Amino acid sequence: MIYMQEEMKSAVVEAIRALYEVEVHSDAIQLSATRKDFDGDQTILVFPLVRHVKMNPEALANQLGTYLKEHVKIIHDFNAVKGFLNVVFGEDYWTGLLQWVDERPDYGYKPKNGRRALIEYSSPNTNKPLHLGHIRNILLGAAMVRLFESQGYEVIPTQIINDRGIAICKSMLAWKKLGGGRLPKEEDPEMKGDHFVGKYYVLFDQAFKEEYMKWQTSDEALQIIRDRKVEDQADFFKKFKNEYFNRHSLLGREAIEMLQQWERGDLKVRALWQQMNSWVLDGIAHTYKRLGADFQKNYYESEVYSIGKALVVKGLESGVFYRQEDGSVWADLEDIGMDKKIVLRSDGTSVYITQDLGTASLRYDDFKAERFIYVVADEQEYHFKVLFELLKRLGEPYADGLHHLSYGMVELPDGKMKSREGTVVDADDLMDDVVSLARAESKDRGEVESLSSEEQKTLYEMIGMGALKYFILKVNAKKRMVFNPADSVDLQGQTGPYIQNAFVRIKSMLRKDTDAVTTGEWKRYSQLQQVEKDILVLLKEYPTVLSTATAEYNPSLLAGYLYQLAKAFHKFYHDVRILSAETPEAKAFRLKLAVNVASVLQSGMGILGIDMPDRM
RNA sequence: GGCUCCGUAGCUCAGCUGGAUAGAGCAACUGACUUCUAAUCAGUAGGUCGCAGGUUCGAAUCCUGCCGGAGUCACCA
């Protein structure tokens, strides 16, 4: 039976051999679903074959069609239009296809292949809560974890927690000065720990800005302006901000001092740091749960930020790196059109890329994974290009399995989100908004009044989060996406709830009648409608969709597919009667079909991290 | 300036390893719930696929140039 494209292709290859004694490779055979305006189920493109068999396309299509009709059991008819050979399958093909799908447990999944993939995503900072940008990162990362699992990989989801540096010191300092020793729940019982710490981060920045504004009219500032012959003052002060923080600011000095105390291991500073980090991580854990993020292993920047030095030594020995007179260590990548890159400062401390070199090596020691996938925004493309090149030159054994899943930043209608300027869409707020939207919509519809309030709450969460997750994941990751907070996330049309609704309709039917599903009666159905064939064609594609989405690191392919399937089902549901079908065979067949649609929808949405409700 | 990515309907996006008349959703307008859940279905309207060349039997898709937008080219992370 021909259910996979490869089998169809080899049938065509054989036909060419028999008819013309010509060998063509199966790659030369192009297949596609027949367009709606033409008769037929599958179309074979004859144009590419014309080169091998010197004939005009239409004549070739006709001879090929005649041969296939005679020799391939399931092909019952054909027609040829120009170079397009449309073949028509018999009824047995369709029932056979349904059986083929139905019989497979874990349909679409490949068996375990014994290979390991490590996926890093999320990577939060511990000085503020997550925002919409993190949501995209997390949803993509979590979906990739499940996609790789579907392909037989053992996956290790991991995150690196950016828990050190000047930013967290700012929050610490502000809390120390302004917090009055209050704990998160004391200040506001409703506020999560990450928001609490984030609040102090913002307070620091406000205080710093005030200080800076005041300083701008001081004698010291005026002196600098005179010395540097500044023309545009506003522009100068904008650019001077960093230098001011490092050299002139009182607050800046305090924060820097705190960072130095942290580096020295000052007990009091470390204790405060631990405290604030744990508040943030507690808060973020909540957000993770709702987003479906889960990590097998956390790496902390505070523990790994200097471990790359061993690789630097290795690179110096093998000549990948060189040392300058000032003591700094560099890699020269100009031979492949990239720049020189510093890997160790003149004072011997690490830079960002040194840490990444180190963690790569550490992770390999920890897990011996052969694939390393980094889910990181596209602004870091160059960084990863350099990183991967360096690891390759260092001869690391996993260097060929590295991949940067680069995704576009989420933008607001008026530009990029900037946390300092307060133009961020907070992750928790957004999730709450979408869930209450789902609640309001559901209340209007009144379908679930019989459920307990606890069940209803779970349901609203499923629908709201389903809408949000689908909204983000349906867009190709590599494209930057525009999110307008003023337009709420849709619940109708190409959305998560639309797909959930298809599932709910099926579950609702099955509550009324399951007997027909368990018998084999459906195999006798023979009056297939186009809407039923459309669904079967889609069901057949599911395994291919999973493997392509994985290979291309692109969950949006799966999201698009699931919409197609749900759409085909909604049309089917509308056009034909199922429980009250014309014949018992028809009823059994349609229910069997629906059950398989439900299971593929649930499986696919599950990979996207979206739960499916039984009613809505 | 170098490199990378993007430009498709009013908006948000599919389609891009070349194939038949470029597709969805939203928004607008029309119709379909006494019949399996209308978060649904059917329809109308909406397009110089950024522009100009080239390759090809055939280009939204591949190549070149240009225009517009974003990112990056830190002893920041």
Side-chain angles (χ1 to χ4, degrees), chain A residues 27 30 32 34-35 37-38 43 45-48 50 56-57 81-84 86 123 125 162 164-167 242 301 305 324 326-330 337-339 341-347 349-353 355-356 377-383 385-386 406 408-409 411 413 415-416 438 441-442 444-445 447-448 463 467 471 474-476 478-484 487 490-502 504-513 556-557 559-560 563-564 566-567 569-581 587 590-591 594 615-616:
Chain A
D27 290 347
Q30 285 185 48
S32 62
T34 302
R35 282 183 72 109
D37 337 311
F38 297 87
T43 298
L45 282 157
V46 182
F47 296 103
V50 172
N56 88 62
V81 185
K82 292 186 278 181
F84 300 93
N86 305 317
S123 306
N125 297 317
N162 300 303
R164 66 171 277 280
I166 196 72
N242 252 339
E301 192 195 348
Y305 75 104
Q324 271 189 354
D326 66 357
S328 58
V329 178
W330 296 73
M338 299 201 275
D339 295 299
K341 180 76 192 173
I342 190 161
V343 293
L344 217 55
R345 296 190 187 100
S346 50
D347 64 4
T349 55
S350 299
V351 294
Y352 178 44
I353 202 157
Q355 172 183 319
D356 270 357
D378 61 5
E379 58 184 359
Q380 293 199 34
E381 257 167 32
Y382 184 73
H383 168 78
K385 245 173 136 172
V386 173
S406 164
M409 312 273 272
E411 287 176 24
K416 221 172 142 176
E441 176 74 21
S442 198
D444 278 353
R445 296 165 45 79
E447 287 280 355
V448 292
I463 298 171
F471 180 84
K474 74 175 178 184
V475 181
N476 189 335
K478 74 176 184 199
K479 282 193 161 183
R480 59 181 238 276
M481 66 183 289
V482 179
F483 178 80
N484 190 349
D487 306 343
D490 287 325
L491 303 175
Q492 269 99 33
Q494 188 182 353
T495 65
Y498 176 95
I499 300 169
Q500 289 171 326
N501 187 231
V504 163
R505 285 177 142 182
I506 296 167
K507 285 290 162 184
S508 173
M509 286 191 295
L510 292 176
R511 274 195 296 275
K512 297 189 166 73
D513 196 336
S556 77
L557 296 176
Y563 172 68
Q564 294 297 325
K567 191 177 155 88
F569 175 80
H570 278 306
K571 184 171 170 52
F572 161 73
Y573 182 86
H574 183 268
D575 287 0
V576 303
R577 286 169 297 147
I578 300 170
L579 292 180
S580 55
K587 176 179 169 184
R590 286 169 190 167
L591 271 177
R615 52 185 88 209
M616 65 194 285

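All chains are named by letter (A, B, ...) in the order of the sequence lines, taking the proteins before the strands, and each is independently numbered beginning at 1. Values in this document were obtained by computation on a predicted structure and should not be read as measured data.
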For A/Lys512 and B/rU35, give me the distance from atom NZ to atom P, rounded to whole Å.
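Going from NZ in A/Lys512 over to P in B/rU35 covers 12 Å.
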Partners meeting ring-ring contact (aromatic ring centres under 6.0 Å, His included) with A/Tyr305 (sequence neighbours left out):
none
Please list, chain by chain and in numerical order, all residues satisfying side chain to side chain contact (heavy atoms under 4.5 Å, CB included) with A/Gln492, sequence neighbours excluded.
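Result, side chain to side chain contact (heavy atoms under 4.5 Å, CB included) vs A/Gln492: A/Glu441.
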The criterion is side chain to side chain contact (heavy atoms under 4.5 Å, CB included); which residues satisfy it with A/Ser406, sequence neighbours excluded?
A/Asp378, A/Glu381, A/His404
Nearest-Å distance once atom [atom1] is located in both [N] and [M]:
{"N": "B/rC67", "M": "B/rA52", "atom1": "P", "result": "15 Å"}
{"N": "B/rA9", "M": "B/rG25", "atom1": "C1'", "result": "12 Å"}
{"N": "B/rG65", "M": "B/rA45", "atom1": "P", "result": "41 Å"}
{"N": "B/rG7", "M": "B/rU17", "atom1": "P", "result": "14 Å"}
{"N": "B/rU56", "M": "B/rC63", "atom1": "C1'", "result": "12 Å"}
{"N": "B/rU12", "M": "B/rC57", "atom1": "C1'", "result": "37 Å"}

[X] side chain N/O closer than 4.0 Å to the phosphate oxygens (OP1, OP2) of [N]?
{"X": "A/Lys567", "N": "B/rA24", "value": "no"}
{"X": "A/Lys479", "N": "B/rA14", "value": "yes"}
{"X": "A/Arg505", "N": "B/rU37", "value": "no"}

Which string of ( ) [ ] | and . matches RNA chain B, if you list each base 5' to 3' and count Watson-Crick or G-U pairs only when both distances are under 3.5 Å?
(((((((..((((.....[...)))).(((((.......))))).....(((((..]....))))))))))))....
Pair A/Glu411 + A/Arg480: basic N to acidic O under 4.0 Å
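Yes.
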Would A/Phe84 count as stacking on B/rG19 if stacking means ring centres less than 5.5 angstrom apart and planes tilted under 30 degrees?
no
For [N], does the base pair up with any side-chain atom of [X] as donor and acceptor (N or O, under 3.5 Å, distance only)?
{"X": "A/Asn86", "N": "B/rA20", "value": "yes"}
{"X": "A/Thr43", "N": "B/rA20", "value": "yes"}
{"X": "A/Asn476", "N": "B/rC13", "value": "no"}

Tell me which nucleotide among B/rU8, B/rC73, B/rA77 gets nearest to the side chain of A/Tyr382.
B/rC73
Residues that A/Ser442 engages under side-chain hydrogen bond (donor to acceptor under 3.5 Å, both in side chains), provided they are two or more places apart:
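Result, side-chain hydrogen bond (donor to acceptor under 3.5 Å, both in side chains) vs A/Ser442: none returned.
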Using the test side-chain hydrogen bond (donor to acceptor under 3.5 Å, both in side chains), find all partners of A/Gln564 that sit at least two apart in sequence or belong to another chain.
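A/Gln564 satisfies side-chain hydrogen bond (donor to acceptor under 3.5 Å, both in side chains) with no other residue.
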Say you draw a straight line from CD1 of A/Ile342 to CD of A/Gln324; how long is it, rounded to the nearest 0.5 Å?
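Result: 7.5 Å between the selected atoms.
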Nearest-nucleotide comparison on RNA chain B, the residue closer to the 5′ end among A/Val448 and A/Arg164:
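Checking each residue's closest nucleotide, the 5'-ward one belongs to A/Val448.
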A/Lys474 near the nucleic acid: base, sugar-phosphate alone, or nothing, with a heavy-atom cut-off under 4.0 Å?
nothing
Touch check for A/Thr349, heavy atoms < 4.0 angstrom, all strands: base, sugar-phosphate only, or nothing?
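No contact at all - A/Thr349 keeps every heavy atom at 4.0 Å or more from the nucleic acid.
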